[in-house]
Protein chains: 2
Amino acid sequence: MATVETTADIPQDFDALKAAILERKAQLPKRLRQVAAYALDNPDEIAFGTAASIATSADVQPSTLVRFAQHFGFEGFSSLQLIFRARLRERTPGYEDRLRALSANDHSKLESGSIFNGFVAAAHRSLDNIATSVDPDAFERAVNILAGAETIYLIAKRRSYPISSYMAYAFGKLKVRHQLVGTSAGIDDDMLAMAGKNDAAFAVSFSPYASESANQARLLASRKIPVVSLTDSAFSPLAESSKVWFELVEADHAGFRSLSASMAFAMALTVAIAEKRRRLGDGG
Amino acid sequence: MATVETTADIPQDFDALKAAILERKAQLPKRLRQVAAYALDNPDEIAFGTAASIATSADVQPSTLVRFAQHFGFEGFSSLQLIFRARLRERTPGYEDRLRALSANDHSKLESGSIFNGFVAAAHRSLDNIATSVDPDAFERAVNILAGAETIYLIAKRRSYPISSYMAYAFGKLKVRHQLVGTSAGIDDDMLAMAGKNDAAFAVSFSPYASESANQARLLASRKIPVVSLTDSAFSPLAESSKVWFELVEADHAGFRSLSASMAFAMALTVAIAEKRRRLGDGG
DNA sequence: GTCAATATGGAATTTTCATTCCAAATAGAA
DNA sequence: TTCTATTTGGAATGAAAATTCCATATTGAC
């Protein structure tokens, strides 16, 4: 072996190992770097798997795993694996606990930390909320409408734009024809003018409502193009133009709302649509 | 064998196993009861130990462990062990169940509904995950760096673009000067060329990494402009260019990931930055 | 391009481990 | 007590897994 590692050099816990890997990753040869990346990205797999199964999953040879372990001073793969197992045993304390552990006089840290905590808690609440408020039948109807469309028009402005833009990204990956409306105000209406009878639209709008979105939805509805919408209020101007609409209220922290629950909803809708299309056999 | 167990009788998860053990504990012979007590008291040992090591620790013979497993319908000790391992894999099991119980709706009946449930559960898991993986200290450093910047450059492509675009929206509302980089490839570099010593950048990139984002971050770092980044792997090319970086792995449902946890993180960071600025008195 | 050094794949080997088996012990019934 | 059924300990077995080894491939220096 080229490098002689003394006992002190061998990482004794996961954090030390991670640090060592990150420090030396640049100098590692190809396959070993591959293992390094896999190990840090899938620590649970390393903890539970066998050398053979991990090797397959990481697309290397079992012997490479042994070499990797030896590179970091371990006797073999098994001793390295112990580190990954120990990590699961000592359950890492949550953010809450670590926050409490901070020195009480460090006010700034506590403040940023509590903001972080607040948003995570709000997101949990939002998720609990949509689980109860979204009606499965309505969801199924929405999926049917959109899965049956030739092109799905995604309408969103401002605060809701990130949702549609993510759906657009996902639809692209899933090879579902779509058109994102809301990028630059000028060409929106031209795009919508092309929408035909076999198309459908999904509109998202949260208070304060962008009036263009409501107008565009109305326009489509008047042309018998079905609209599915996501809003934060039954009084949203979108609701009246929609065949199916969902009310989804994000919980707030200190008056600010994240889009956590909306994102989960959007992804569920997106994947459900793609799945339905695949079943219907007209995937594109 | 005295008792014939049908497939349905074999506990499929830890809770079922625990219930079965408690129910039959009284009727078990001495050594098997000993194993039962040990198993419930030291589930982690069962998960990771070998039959020999566990046997020694529980003061029985290895064969007794096999008999114990067979008593509960498993083929052998190994299959029983899988239950104990599964328990550690799913950090917080039961989100799916909780959702079902919480919800008056029965989402599980319909195909689309189960997709919906899956994404909500995955989002919950993701949130639990960031709560443990984000270090308050690093968060505070990130807030300080970005709050101190004149202009915050937001770098993101593809899957991570919705996050930055939402941050841009929120920064706009909060009157924090910022520049969203990633809209159209052409003008990106021109915008970044204007970044100066007093600015900072926040970059988001998830696997598969957009190489432009990494290059842009590298470019900024080389000009001594501090970069804070959010990635899903310590191996992200962004990490090496960053003063502070966060690793945030979104849980997946059926291979698809939503951005729920990332959104909560992004909003927390955004609001924390604005709040810090307000305190420093140079809010905009 | 040539050579040396390093890295890699894959088969061969060795070690470790779960399981099986059988003899001995124990508990329970008559 | 005596007989039987059940439980237990511990060695033997066979399967599975980690590790080693060697031939081949790749990289880097000159």
Side-chain angles (χ1 to χ4, degrees), chain A residues 1-5 10 17 20-21 24-39 42-86, chain B residues 1-5 10 17 21 24-39 42-86 235:
Chain A
M1 206 188 301
T3 55
V4 178
E5 307 247 5
I10 305 171
L17 177 59
I21 291 175
R24 296 171 56 178
K25 76 171 175 181
Q27 291 108 55
L28 288 176
K30 186 177 158 202
R31 288 280 118 110
L32 294 191
R33 188 161 53 228
Q34 199 173 320
V35 172
Y38 183 88
N42 310 283
D44 287 11
E45 287 304 313
I46 307 273
F48 288 114
T50 66
S53 71
I54 296 165
T56 304
S57 174
D59 202 29
V60 295
Q61 292 290 324
S63 48
T64 305
L65 293 179
V66 177
R67 287 188 204 108
F68 177 80
Q70 288 169 345
H71 251 78
F72 286 90
F74 298 95
E75 203 181 308
F77 169 73
S78 300
S79 6
L80 174 108
Q81 196 176 34
L82 291 180
I83 302 286
F84 284 78
R85 291 184 169 182
Chain B
M1 206 188 298
T3 55
V4 178
E5 307 247 4
I10 305 172
L17 177 60
I21 291 176
R24 297 169 58 178
K25 198 169 139 190
Q27 292 110 53
L28 290 176
K30 186 179 159 199
R31 289 282 120 114
L32 295 191
R33 190 162 53 231
Q34 202 173 320
V35 173
Y38 184 87
N42 310 286
D44 288 8
E45 288 302 316
I46 307 274
F48 289 122
T50 67
S53 71
I54 296 166
T56 305
S57 175
D59 202 29
V60 295
Q61 290 291 324
S63 47
T64 305
L65 293 178
V66 177
R67 286 187 204 110
F68 177 80
Q70 288 169 343
H71 251 78
F72 286 91
F74 298 95
E75 202 181 308
F77 170 71
S78 300
S79 5
L80 175 112
Q81 196 176 35
L82 292 180
I83 302 286
F84 284 78
R85 292 187 170 181
F235 263 74

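Each chain gets a letter, A, B and so on, in the order the sequences are listed, and its residues count up from 1.
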I'd like to know if the side chain of B:Q70 reaches the main chain of B:L65, judged simply by a donor and an acceptor atom lying under 3.5 Å from each other, with no hydrogens or angles considered. no
Please check if the distance between the ring centroids of B:F48 and A:F48 is under 6.0 Å.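 Yes.
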Please pick, from [options], the nucleotide with the shortest atom-to-atom distance to any side-chain atom of [X].
{"X": "A:S78", "options": "C:dT19, C:dG9, D:dA18", "result": "D:dA18"}
{"X": "A:R67", "options": "D:dG10, C:dT8, D:dA18", "result": "C:dT8"}
{"X": "A:V66", "options": "D:dT20, C:dA18, C:dC22", "result": "D:dT20"}

Does one side chain, of B:S53 or B:T50, offer a donor that lies under 3.5 Å from an acceptor on the other?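 Yes, B:T50 and B:S53 have a side-chain donor paired with an acceptor closer than 3.5 Å.
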Polar side chain donor-acceptor pair, A:R31 to A:Q34, under 3.5 angstrom: yes
Give a yes/no answer on whether the side chain of A:Q70 brings an N or O atom under 4.0 Å of OP1 or OP2 in D:dT20.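 Yes, A:Q70 has a side-chain N/O under 4.0 Å of OP1/OP2 on D:dT20.
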Side-chain N or O of A:T64 closer than 4.0 Å to phosphate OP1/OP2 of C:dA7: no
How many Å lie between [atom1] on [X] and [atom2] on [N], as a whole number?
{"X": "A:F68", "N": "C:dG9", "atom1": "CZ", "atom2": "C1'", "answer": "18 Å"}
{"X": "B:Q27", "N": "C:dA27", "atom1": "CD", "atom2": "P", "answer": "18 Å"}
{"X": "A:L32", "N": "C:dT8", "atom1": "CG", "atom2": "P", "answer": "5 Å"}
{"X": "A:F74", "N": "D:dT19", "atom1": "CZ", "atom2": "C1'", "answer": "17 Å"}
{"X": "A:Q34", "N": "D:dT26", "atom1": "CD", "atom2": "C1'", "answer": "15 Å"}
{"X": "A:D59", "N": "C:dG10", "atom1": "CG", "atom2": "C1'", "answer": "14 Å"}
{"X": "A:Q61", "N": "D:dT24", "atom1": "CD", "atom2": "P", "answer": "16 Å"}
{"X": "A:F77", "N": "D:dA18", "atom1": "CZ", "atom2": "P", "answer": "6 Å"}

Given the structure, check if the side chain of A:S63 and the base of C:dG10 hold any donor-acceptor pair shorter than 3.5 Å.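 A donor-acceptor contact between them is present.
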Within the structure shown, what part of the strands sits under 4.0 Å from B:P62 by heavy-atom distance: base, sugar-phosphate, or nothing?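 Base, at least one base heavy atom under 4.0 Å.
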Is the shortest side-chain heavy-atom distance between A:Y38 and A:D59 below 4.5 Å?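 A side-chain contact under 4.5 Å is absent here.
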